[in-house]
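Heads up, the thing below is written out as structure tokens.
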Number of protein chains: 2
Amino acid sequence: MKVENKHTKIIAAATKVFAKKGFFTARISDIAKEAKVADGTIYLYFNNKYDILLSVFEEEVGKIVESTEKLLRLEDDPRRQLEIFCSQHLHSMKKNRYLAEVLQIELRQPYKLIKEYRDTTFSKYTGIIAEIIRNGQRLGLFRTELHPDLAKRCIFGALDELSRVWNASLETNYTVEEITNQVLAIFLIGIEVTRSSEEG
Amino acid sequence: MKVENKHTKIIAAATKVFAKKGFFTARISDIAKEAKVADGTIYLYFNNKYDILLSVFEEEVGKIVESTEKLLRLEDDPRRQLEIFCSQHLHSMKKNRYLAEVLQIELRQPYKLIKEYRDTTFSKYTGIIAEIIRNGQRLGLFRTELHPDLAKRCIFGALDELSRVWNASLETNYTVEEITNQVLAIFLIGIEVTRSSEEG
DNA sequence: AATCCCTGAATGGCCATTCATTCATGTACT
DNA sequence: AGTACATGAATGAATGGCCATTCAGGGATT
């Protein structure tokens, strides 16, 4: 049946354990137990503990980036694109809550390898937002006094913080759709060229 | 001369070291060296490593919360209040970049004591934003279809992410004022009752 | 019997924490 | 003033526990 290979199994287990305990207090033996393999087996598939974390990033985030980019290519209107990005991001984080937690916690750590990953691969992902905004500005849809690099951070920061709603089960449950709508309700109006700003 | 007591000195040193290396890879001896005291001295003032981190939170963040609340009490208009909150937050984080980094990294860790702190003391701070929004809605200034708890997260998330601009020196230098203006340009328009939404 | 994959106990290094000792200052007595 | 003793803050070397990593061996499949 489950021929699901060990590499994949370990990645999944590690994601869960890192989410629950954090990278540094997670023990290799925890991951091994969760993946139902021996401690030593992990070292047949990964070089060390860090390598596991980086693999979680590379592989799991990779999937998300790919599918998001694919969807975006099917759409021209930057307003629609922004909607798709937000909706996709929130859906992904909801579906894979352990990954969401790991990203939120570990991607910020000030360690060389993590920074490197963040500044290369991951920044491409958030860069998509800046691109959408630039595009919208070119088309006269978004206000040109906004810096795409700053707006990108506002939007990504908002999405990131909102994903925590589920994981920490803080506010009484909102659905992904509700949250998406709220984000867009704020940002689309916030960045669009408005009647009043045209008049002014 | 500098009668600056040891407790304070250690807190400052720890903030710096935690920011640079992260809580888990920071060694007590690093903090001791930075504070120019012996390793053992630290244990005369703190129970353990965790206790140092929590004290950093409590004391340093405490100051920020207090001064922000004070300023807000002087103002009635929720739009102005939101402006003050954003501006204050960004200024604080710019002024104390080590604290900013520690907050961004460590406040998310999934450990009991940190969660506790976050869910009690710290959430009061972000709660201020929700309060401002509720107030604005009551006064008919902000759109009532927005959930204050979600809008709060959008705004705090945006501020938090933006504070990283300086620490990571990512984008070419924006000033605090520029960033504040951009945030407000997006959010104020994003949440305000607009001519078009009134007409619609 | 050779190859492969896996196992988990043993190793070794790291570092938070402890505590015996030192040192500086204060007080009391002559 | 000088000597003797007391106090407790500060020190930093030593301890002990933890856990990532290794590796000698076991079992399956060819």
Open item on the list: I'd like to compare against my own output: the B/S/- annotation of nucleotides 10-20 of chain D with a strict under-4.0 Å heavy-atom distance to protein.
Closed with: BBB------SS

- [ ] Please collect all ring pair (Phe, Tyr, Trp, His ring centres under 6.0 Å) contacts where either partner lies in residues 125-162 of chain B, sequence neighbours excluded, each pair once.
- [x]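 Listed by first then second residue: A:Tyr174-B:His147, B:Phe85-B:Tyr125, B:His89-B:Tyr125, B:His89-B:Phe156, B:Phe122-B:Tyr125, B:Phe122-B:Phe156.
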
Open item on the list: Taking ring pair (Phe, Tyr, Trp, His ring centres under 6.0 Å) as the cut-off, I'd like each qualifying pair that reaches into residues 92-112 of chain A, sequence neighbours left out, listed once.
Closed with: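 Residue pairs with at least one partner in residues 92-112 of chain A: A:Phe24-A:Tyr111.
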
TODO: Could you check A:Lys16, A:Lys21, A:Lys20 and say which one makes a salt bridge (charged side-chain N to carboxylate O under 4.0 Å, His left out) with A:Glu34?
DONE: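 The single option meeting the salt bridge (charged side-chain N to carboxylate O under 4.0 Å, His left out) with A:Glu34 is A:Lys16.
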
Open item on the list: Looking at B:Asp30 and B:Lys33, is there a salt bridge between them, counting it only when a charged N and a carboxylate O are closer than 4.0 Å?
Closed with: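 No, this pair does not count.
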
Open item on the list: If I take atom OH in residue B:Tyr50 and atom C1' in nucleotide C:dT17, what distance separates them, rounded to the nearest angstrom?
Closed with: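 Interatomic distance, OH of B:Tyr50 to C1' of C:dT17: 16 Å.
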
TODO: Give the C-alpha distance, both sets of side-chain angles, the deciding distance and a yes or no for salt bridge (Lys or Arg N to Asp or Glu O under 4.0 Å) between A:Arg153 and B:Asp160.
DONE: CA-CA 9 Å; A:Arg153 277 168 192 282; B:Asp160 196 49; over 6 Å; no

